[in-house]
Amino acid sequence: MSEAVDTQALLDWYDDHARELPWRVGPRDRAAGWRPDPYRVWLSEVMLQQTTVAAVRGYFERFTALWPTVADLAAAEDARVMGEWAGLGYYARARNLLKCARAVVAGHGGRFPDTRDGLMALPGIGPYTAAAIAAIAFDRPEAVVDGNVERVMARLWDIRTPLPAAKPEIGAAAARLTHDARPGDYAQAVMDLGATVCTPRAPACGICPWMEACAGRAAGVVAELPAKAPKKARPLRLGHAYVARRSDGAWLLERRAGRGLLGGMLGWPGSDWDDAPDHAPPLEAGWRDIGAEARHTFTHFHLRLRVHVAEVGPDAAPARGEFLSPAAFRPSDLPTVMRKVFDLARGAFDTDMS
DNA sequence: AAAACGTGGAT
DNA sequence: TATCCAAGTTT
């Protein structure tokens, strides 16, 4: 079966059309013997989990400028790394990033394992990321199966089983095609094909190096693949957030628990997000409901937070959280939902002063 | 094994 | 406005 699919044709296409990415060693440099820094491959792969290239670029540049090596990252303070990750989402990735960096330094002499199994044993590295690092950084012939590859394989072989049930079948198809001569280039080539040609909507079949072999195209079902199981509706949750500003300009903030939603991130103290009537503000103060709510949608629910503000004196003693001076508080350290709250609250304070 | 876990851009 | 989607992992 797989004889009909020409992996060399894909590599030829990649040689001409590879995307230029900050973490990538392109096909020309690879042919000259260059290999990417495993640290940068790992960092980029973790950032790219469920996240677009466009969103990752800036974060990758900032992280590598601040922490050029895995040892630098391992030595960083948790709060600094979490703050730098703020806005990118899926914050367990940042927590695991630190765990992984420290494990590589403490347990592997600062060098990443060069096998899929060795990589899989590290925090935050699953089947996809382990295969990607092994292939891209170490040229091991591992099959990388991400969302791009799932889409390409489902179409190429006309696999109509809905995801995620189709994963074993798709994985087997991907493994059959893995290229022995240029594993790193091949892995990136399939993903580039999915990202730029075999796209979710309006795929450019006319310029696809695998057009002739594509069973989905022959059957005229490319637009319907891959099939996906229906998604559940997102419920609406309600809560309250409290933004206190001290007379010296300090803000009352709280470090969230180290697991679960927004775990380890900075945020405004508030109620549980269950619309319970009996929540207490974090501080005795003249709270004012600003009459606006921050709206935010997470993966599995919609959230509306009512925003309350207060200006308090220098002796204010909060029951929760701590005051951070303007010098110690960067709004960019906040996850997006908390930044929305801050923007609304700041507008309310500004209105008061005018 | 199903659910939890973020966000921004495109349609 | 609502939905889909993006280089998935963990529990």
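Proteins come first, then strands; the chains are lettered A, B, ... in the order of their sequence lines, and each starts at number 1.
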Exercise for review: Apply salt bridge (charged side-chain N to carboxylate O under 4.0 Å, His left out) to R30(A) and list each qualifying residue two or more places apart in sequence or on a separate chain.
Suggested key: D139(A), D185(A)
Revision key, fill the gap. Tracing side-chain contacts under 4.5 Å among Ile, Leu, Val, Met, Phe, Trp and Tyr outward from V221(A) reaches L225(A)
Point to revise | Nucleic acid contacts - residues 113-127 of chain A versus DNA chain C, non-hydrogen atoms under 4.0 Å | key: P123(A), G124(A), I125(A), G126(A), P127(A)
Exercise for review: Could you tell me whether R57(A) sits above the aromatic face of F60(A), with NZ or CZ closer than 6.0 angstrom to the six-membered ring centre and within 45 degrees of the axis?
Suggested key: no
**Study point:** Atom CD of Q8(A) with >12 non-hydrogen neighbours under 6.0 angstrom
**Key:** yes
Review point. For nucleotides 3-10 of chain B, read 5' to 3', which letter fits each nucleotide if B means a protein heavy atom sits under 4.0 Å from the base, S means only the sugar-phosphate is that close, and - means neither?
Key: SSBBBS--
**Study point:** dC4(C) versus dG6(B) - spacing of their C1' atoms, nearest Å
**Key:** 15 Å
Review point. Hydrophobic clusters join Ile, Leu, Val, Met, Phe, Trp and Tyr when side-chain heavy atoms are under 4.5 Å apart, directly or via other members; which others share one with W34(A)?
Key: V25(A)
Check your understanding: Is M120(A) reachable from L48(A) through a run of I, L, V, M, F, W or Y residues, each pair having side-chain heavy atoms under 4.5 Å apart?
Key -> no
Practice item. Please list residues of residues 13-40 of chain A whose heavy atoms come under 4.0 Å from any atom in DNA chain B, ordered by number; otherwise none. Key: none
Revision key, fill the gap. For L238(A), the other hydrophobic cluster members (4.5 Å side-chain criterion, sorted by chain and number) are L236(A)
Check your understanding: How is the hydrophobic cluster of L283(A) composed, in terms of its other members, when Ile, Leu, Val, Met, Phe, Trp and Tyr link through side-chain heavy atoms under 4.5 Å apart, directly or indirectly?
Key -> Y242(A), L252(A), W287(A), V312(A), F323(A)
Check your understanding: Which nucleotide span of DNA chain C, 5' end to 3' end, has atoms closer than 4.0 Å to non-hydrogen atoms of chain A?
Key -> dC5(C) to dT10(C)
Point to revise | salt_bridge(R330(A), E84(A)) N-O dist < 4.0 Å | key: yes
Point to revise | P gap between dG8(B) and dT9(C), integer Å | key: 22 Å
Check your understanding: So W268(A) and F342(A), ring-ring contact (aromatic ring centres under 6.0 Å, His included) or not? Walk me through it.
Key -> CA-CA 8 Å; W268(A) 306 105; F342(A) 183 54; 5.5 Å; yes
Check your understanding: For DNA chain C, whose closest nucleotide is more 5', that of K231(A) or that of T129(A)?
Key -> K231(A)
Check your understanding: Residues in side-chain hydrogen bond (donor to acceptor under 3.5 Å, both in side chains) with S271(A), at least two apart?
Key -> none
Check your understanding: Using the C1' atom in both, what is the distance from dC5(B) to dA6(C), to the nearest Å?
Key -> 15 Å
Review point. Can you tell me how far P in dA7(C) sits from the matching atom in dA3(B), rounded to whole Å?
Key: 24 Å
Check your understanding: For residues 93-113 of chain A, which residue pairs qualify under ring pair (Phe, Tyr, Trp, His ring centres under 6.0 Å), counting only residues two or more places apart or in two chains?
Key -> W42(A)-F112(A)
Exercise for review: Please list all pairs passing the side chain to side chain donor-acceptor pair (under 3.5 Å) test where one or both residues lie in residues 66-78 of chain A, with sequence neighbours left out.
Suggested key: T69(A)-D72(A), D78(A)-R102(A)
